[in-house]
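Quick caveat: nothing in here was measured; it's all calculated off a predicted structure. The sequence lines fix the lettering, A, B, ..., with proteins before strands; numbering per chain opens at 1.
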2 protein chains.
Amino acid sequence: MKHVTIKDVARCLNVSVSTVSRAFNDKYDIRKDTKEMILKTAHEMGYYPNPIAKKLSQNRSLNIGVVVPEIMNGYYSEVAIVLQEFFISKGYQVLLMQSDENEDQELKNVKTLINNMVDGLIIAPTIGYKNASYYIEKHNEGYPIVFLNRIDETLQASKVIFNNVKWSFFATEHLIREKYKKIYHLSGYKNLCVSSERIQGFKKAMNKHNFPKENYKIIETGLLAKEGMDAIEDLIFQQDLPDAFFCVNDMVAIGAMKKLKDNGYKIPEDVAFVGFTETRIAKLVTPELSSVKQPTYDMAKKSGEMLLSRIKNPNSEIETVIFNGEFNIRKSSVRDSSIPAT
Amino acid sequence: MKHVTIKDVARCLNVSVSTVSRAFNDKYDIRKDTKEMILKTAHEMGYYPNPIAKKLSQNRSLNIGVVVPEIMNGYYSEVAIVLQEFFISKGYQVLLMQSDENEDQELKNVKTLINNMVDGLIIAPTIGYKNASYYIEKHNEGYPIVFLNRIDETLQASKVIFNNVKWSFFATEHLIREKYKKIYHLSGYKNLCVSSERIQGFKKAMNKHNFPKENYKIIETGLLAKEGMDAIEDLIFQQDLPDAFFCVNDMVAIGAMKKLKDNGYKIPEDVAFVGFTETRIAKLVTPELSSVKQPTYDMAKKSGEMLLSRIKNPNSEIETVIFNGEFNIRKSSVRDSSIPAT
DNA sequence: ACCGTTTCCGAAACCGTTTCCGAAAACCGA
DNA sequence: TCGGTTTTCGGAAACGGTTTCGGAAACGGT
């Protein structure tokens, strides 16, 4: 149980601790054969450098903080996995915290991580704008932060984002091309930037195709399946169902579809659906859900790389990278059912 | 950016560093008013103890390693969230790693965490038995480890597990009571203990009710939806469909249901389904899926508590806690459809 | 007033590294 | 052989805390 320290190794070999340290740190001022000799016996003695002492003397924690809004719905789980793997390969450890879509929790998480002296932060913010100024202040102080996804494009900070406007425009236009005449958008919270961007894309498509105002509508729901269900319940009660829905994400779409199916509606014959931020369940529900797929892996990895470069050079130029995705058309949104099963 | 250290505080107040340290550590030998005075000015100066230095001098990392098989399917995400929250509240940080259901990756993860000097480990092992001996060796050396879920009941180690045999017995018996006459079990890997325990429960029910051998079957699949789909494809091809399935988990069940629906079968009229380890999607698929729900929150929290007590007292008696769950019957497994929607 | 406790605090050692500085050793050309 | 470089290494000071030890001050009882 007792740990072998650098001193033990030094004493055993009759060299100084600094020499042993040099052997382990690829330093130039050590003779090649003494280095090898030291490494060899150190290994035999079961020595490896104490990471905590290393952190102290180098004044860095080799920890990265990752703050995501949630990790239950697949998307941010994947983000977490990618970042975890990436940073481990670079010698860092990841401290992952989730905010449960709560601004205050998020701020607490960030402060906890800063107090724990993480060398950098990747933040995928939740709903609301309260914390932005604090983050920007830290960012400007030179604290390495990279934002991911849920962040306003105009914000002056390093960030990796998705072109929500464009792809929600495409998704909506697809419904129009399929000749749906009355299209509602189940949007997320308006004070969540990805939601408002997706609303913009939706409106843009409506305008381009001169949809009359009475034939489209934006209904603010939330991000959960339950909220999609609630919205449908209302619409059924008000006898105000459109023939197609474009939803802020897959979970809302799936909840909405479920509620409609439970009430005897057929999808897509009676009502068509398109989701967003494709999750793995999109292909498991009946009918399979059309959705916009984001390049999760690439986006997460890019944010990791950007963070490392910010850590190396905290006052480097800020950089914004905008990703594009792909739109996967499936049975939930096409009139003829000739789409082959996957 | 420059950090305020304990020395700065001491110098500023004309006291010694040890006094400042005492003020921050609830030690007895300090006068109440000097303590308050120190805390007050320290706070004003923006001082807080450097956690890394603290860790070094106290010889502990205040880090907990959590190793789970995956975090994409909801169950272990929840485990991660619960543990994260629990340990943060106790002053620890959690290092979460996922093994992607790969034994070798798991061992690598554990070793990485041990090298990083975590104060303790919670492991939810993946498939296979290769690593068990290494873990047990560490466990016996006094390294604080608690196993969660995926671990053999007979293993001499601290663990929190679910009574799989019992609840898979109940789930199976429910299908029998509903008068299904030909019941197949889509099992997970046989060398995954939870799978084999669920197989046991299934067999037990079959035996109790004297099912003839030709009316039940155990088909080894995996843990993913895709594998449920593949199994169904085979069965359809072989024209060997039963009238009910009991599945090792919800994802396999959902995959299987999807494939059947795509081929025109009605659920539960043609084929009934029961899942296990209930996930949030169980209530979102059509029809809603009957499943055995595990007390995820309680189990995760219990494992955290057990780990803390092992950290305090590494050679305490090993303890095994077995949890029970509940069986939620939904439309996927009942003959008359009078089950109310939830 | 005296002595024995108790309370409170400072000095210094320690945790296990890295790194700076300087000195010994080796090398090299003349 | 000698002086000047260049390698190679050891000593010691950091890094920022905690903890042990011992002594001074305060206290209390006789």
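Rounded to an integer number of Å, the gap from A:L56 CG to C:dC14 P is 17 Å. In this structure, CD1 of A:I6 is placed 11 Å from P of C:dG16, rounded to the nearest angstrom. The interatomic distance linking A:I52 (CD1) with D:dG16 (P) rounds to 16 Å, in whole Å. Put simply, CD on B:E36 is 12 Å from P on C:dC9, counting in whole angstrom units. Per the geometry, CG belonging to A:D8 stands 10 Å off P belonging to C:dC15, to the nearest Å. Taking atom CZ on A:R11 and atom P on D:dC9, their separation rounds to 20 Å, with Å as the unit. Rounded to an integer number of Å, the gap from A:K7 NZ to C:dT17 C1' is 9 Å. Look at NZ on A:K55: it is 15 Å from C1' on C:dC15, rounded to the nearest Å.
When distances are taken from the side chain of B:I30 to each of C:dC9, D:dT8, C:dG16, the shortest belongs to C:dC9. Here the side chain of A:V17 is nearest to one of C:dT18, D:dT19, D:dT8, namely C:dT18. Of the candidate nucleotides D:dG10, C:dT18, D:dG16, D:dG10 has the atom lying nearest to any side-chain atom of A:V15. The B:S18 side chain lies nearest to D:dT19 when the options are D:dT19, D:dG16, D:dT18.
Proximity of a side-chain donor or acceptor of B:S77 to a complementary backbone N or O of B:N73 within less than 3.5 Å is not detected.
With DNA chain C read from its 5' end, the first of the two nearest nucleotides for A:R22 and B:N14 is the one closest to B:N14.
Taking a 6.0 Å sphere around CD of B:E153, one finds it holds 12 or fewer heavy atoms contributed by other residues, nucleotides or ligands. Applying the 6.0 Å contact sphere to CD of A:Q105 captures more than 12 heavy atoms from other residues, nucleotides or ligands.
The side chain of A:Y48 contributes no N or O atom lying less than 4.0 Å from OP1 or OP2 of C:dT17. Residue A:S21 has no polar side-chain atom (N or O) positioned under 4.0 Å from OP1 or OP2 of C:dT19. At least one side-chain nitrogen or oxygen of B:N25 sits closer than 4.0 Å to the OP1 or OP2 atom of D:dT18. At the phosphate of D:dG10, OP1 or OP2 sits under 4.0 Å from a side-chain N or O atom of A:T19. In terms of phosphate contacts, B:S16 brings a side-chain nitrogen or oxygen within less than 4.0 Å of OP1 or OP2 of C:dG10.
Under the side-chain contact (heavy atoms from CB on, under 4.5 Å) test applied with B:L107, the options B:N131, B:N102, B:T112 reduce to a single match, B:N131.
Between A:D8 and A:R11 there is a salt bridge, since a side-chain N of the basic residue sits under 4.0 Å from a carboxylate O of the acidic one.
Between the side chain of B:D29 and the base of C:dC9, at least one donor-acceptor pair of N or O atoms lies under 3.5 Å.
In this structure C:dA25 sits in a base pair with D:dT6, meeting the Watson-Crick or G-U test at under 3.5 Å. Here C:dT19 sits opposite D:dA12 as a Watson-Crick or G-U wobble pair (both hydrogen-bonding atom distances under 3.5 Å). Pairing for C:dA30 is with D:dT1, a Watson-Crick or G-U wobble pair whose two hydrogen-bonding atom distances lie under 3.5 Å.
At a cut-off of 3.5 Å, with distance as the only test, no side-chain donor of A:D152 or A:Y129 sits close to an acceptor on the other residue.
Using a 4.0 Å heavy-atom criterion, one finds that B:F24 contacts no nucleic acid atom at all.
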